[in-house]
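Structure, as structure tokens:
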Amino acid sequence: MSDVLPTGTSAASTPVPFINLQAQHAAIRDEVLEAVERVFESQAFVLGDEVSEFECDIAEYCDSREAIGCASGSDALLLSLMGLEIGPGDEVITSPFTFFATAGAICRTGATPVFVDIRPDTYNINTALIEAAVTSKTRAIMPVHLFGQCADMDPIWRIATRHGIAVIEDACQAIGATYNGRRAGVLGRTGCFSFFPTKNLGGAGDGGLITTDDSELAGRLRRLRVHGDLGGYSHQEMGFNSRLDALQAAVLKVKLAHLEDWTEARRDNAELYNELFADYDLLDAVTLPVEMSDRRHVFNQFTIRVHDGRRDELLQKMRHAELGCAIYYPTPLHLQQCFKGLGYSAGQMPESEKAGAEVLSLPIFAELTDSQQEQIVRGIAASLGRSVVPRRSIVSFELPESKAA
Ligand SMILES: *Cc1c(COP(=O)(O)O)cnc(C)c1O
């Protein structure tokens with residue numbers, strides 16, 4: 001991948017990357033390297049002040065009382081479940097249309113994931129189907145704020161309250177997203193975040209964090225991430241090693257200060273895609289993402305649905321034209337080989353299966369240029385055998401002519 005991005009009007013043959021982390025780094029290079037150097041000078045590499053400061057910043061950003069850094073988003077989920085003493089014999093309700101870690105974390109505690117199908121519009125758990133999945137063994141609901149838009153939390157809280165069960169947010173794709181004005185991370189008992197480099201707030205490696213308003217639970221999570229150590233090598237319960245590195249915290253602290261700008265840039269890019277798909281007359285060929293009126297979508301992914309069974313063909317043609325796009329996620333979790341023992345079969349989660357066959361994510365990173373977005377949409381039009389001349393161009397071409405007349 002070239003680190004110099006093509007700008008301005010570009011030929012249809014110029015590659016567009018799916019994601020370009022070099023472009024982001026170029027803009028904050030000095031700040032990041034200064035933070036890295038500070039950590040090297042201190043030689044304090046694990047937890048410590050860098051991590052505590054970053055935890056404070058994130059707590060403030062999400063408006064949560066507590067924030068607990070850990071080694072990854074996967075561990076944030078696992079620690080949350082352990083902190084709530086969920087384990088063998090327990091059931092946790094979640095979505096099958098998500099990254100593997102959501103259900104993987106549930107299984108790692110010895111508990112059983114119970115899948116509830118998604119809504120076709122937001123790709124998030126269909127709350128109308130949750131109640132029927134609750135049993136006497138259900139201990140938690142783990143909604144995923146997929147692609148950067150919060151799940152519909154009001155009905156989830158109502159069900160959770162009625163049955164006395166916990167809500168754990170998988171907010172790994174949704175830092176900065178809001179639901180009725182409240183940020184992801186304070187919409188459940190705990191909120192779980194990932195700082196994997198491709199997330200909206202990405203570190204220089206793996207990292208994760210848990211937010212919560214429950215100070216007692218926070219204390220427990222802080223122990224669980226250091227093998228349950230109470231201090232002085234005294235262990236009342238068993239945890240594991242899931243600490244956040246000081247280097248990661250220092251880099252993330254720098255990046256957090258830019259997150260709102262990057263999020264707004266992603267949202268602007270989404271808006272431009274909406275206009276471009278209309279301009280290229282493609283609204284019957286694809287379904288665009290919807291942003292619910294009570295939510296702020298942060299577009300970790302801009303995911304379209306390709307109609308008429310043409311997704312794979314489109315993906316292949318886009319790849320051939322070096323126009324970046326990707327499928328999140330082709331196979332829903334209930335159909336994964338390793339979950340065969342859970343007893344699900346094809347056809348049981350029809351919306352998740354349909355989404356797996358139809359979705360395509362387009363580049364949406366903050367530094368993406370307008371012309372790159374136009375290349376992507378024009379590439380889609382060409383791949384689907386549609387006109388590659390936008391309506392807008394026809395209009396702007398005709399306007400000066402009629403003015404001159
Ligand atoms: C990224 C992600 C995770 C896991 O995060 P890691 O930091 O990679 O462990 C979990 N759930 C979802 C929905 C994610 O997107």
Side-chain angles (χ1 to χ4, degrees), residues 18-19 21 51 54 58 67-82 92-109 113 115-116 118 122-125 140-151 153 156 167-177 184-185 187-188 190-211 221 225 240-245 247-249 251-252 255 266 289 297-303 326-334 336 339 352 355-356 359 361 364-365:
F18 180 67
I19 188 161
L21 293 170
V51 171
F54 173 63
I58 284 274
I68 303 100
C70 62
S72 68
S74 304
D75 279 2
L77 296 167
L78 180 59
L79 285 164
S80 291
L81 291 159
M82 289 171 70
V92 178
I93 291 171
T94 193
S95 163
F97 192 61
T98 176
F99 179 59
F100 182 83
T102 314
I106 297 168
C107 288
R108 293 237 350 235
T109 66
F115 295 117
V116 166
I118 56 165
T122 62
Y123 306 104
N124 281 327
I125 194 165
I141 305 171
M142 190 184 272
V144 182
H145 305 321
L146 203 73
F147 301 145
Q149 177 162 236
C150 290
M153 298 305 288
I156 292 173
V167 176
I168 299 169
E169 292 173 79
D170 182 340
C172 287
Q173 298 181 6
I175 190 158
L187 305 173
T190 68
C192 303
F193 293 95
S194 164
F195 305 122
F196 185 77
T198 61
K199 306 288 162 131
N200 287 20
L201 179 63
D206 277 311
L209 181 134
I210 307 158
T211 49
L221 294 170
R225 73 177 169 180
F240 62 111
N241 172 7
S242 184
R243 301 170 298 219
L244 182 63
D245 287 343
L247 265 175
Q248 297 307 335
V251 169
L252 290 164
K255 288 183 142 195
R266 283 174 179 271
H297 198 317
V298 296
F299 292 100
N300 179 241
Q301 300 296 346
F302 185 92
T303 303
I327 301 173
Y328 299 97
Y329 296 93
T331 307
L333 300 187
H334 68 289
Q336 296 287 347
F339 291 143
S352 299
V359 291
S361 297
I364 190 73
F365 59 92

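All residue numbers refer to positions in the sequence shown, counting from 1. Numbering of ligands and ligand atoms starts at 1, following listing order. Computation of the quantities below employed the complete heavy-atom set of this structure, encompassing side-chain atoms and omitting hydrogens, waters and symmetry-equivalent molecules.
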Residues at least two apart in sequence or cross-chain that pass salt bridge (Lys or Arg N to Asp or Glu O under 4.0 Å) with R225, listed by chain then number, are E55
Do the ring centers of F196 and F99 come within less than 6.0 Å of each other? no
Residue list, side chain to side chain donor-acceptor pair (under 3.5 Å) with Q173, at least two apart or on another chain: Y329
Counting N and O atoms only, with roles assigned by atom type, does the side chain of N200 sit under 3.5 Å from a partner on the main chain of G176, one being a donor and the other an acceptor? no
Taking a 3.5 Å cut-off between nitrogen or oxygen atoms, can you list every pair linking ligand 1 to the protein, with distances?
unit_1, atom_1, unit_2, atom_2, d
ligand 1, 5 (O), S194, OG, 3.3
ligand 1, 7 (O), G73, N, 2.8
ligand 1, 7 (O), S194, OG, 2.6
ligand 1, 9 (O), G73, N, 3.4
ligand 1, 9 (O), S74, N, 2.8
ligand 1, 9 (O), S74, OG, 2.5
ligand 1, 11 (N), D170, OD1, 3.3
ligand 1, 11 (N), D170, OD2, 2.8
ligand 1, 15 (O), Q173, NE2, 2.8
ligand 1, 15 (O), K199, NZ, 2.7

Classify the ring geometry of F100 against F339: parallel below 30°, tilted from 30° to 60°, perpendicular beyond 60°. parallel
Once side chain to side chain donor-acceptor pair (under 3.5 Å) is applied, what residue pairs with a partner in residues 68-77 remain, sequence neighbours excluded? D75-S242
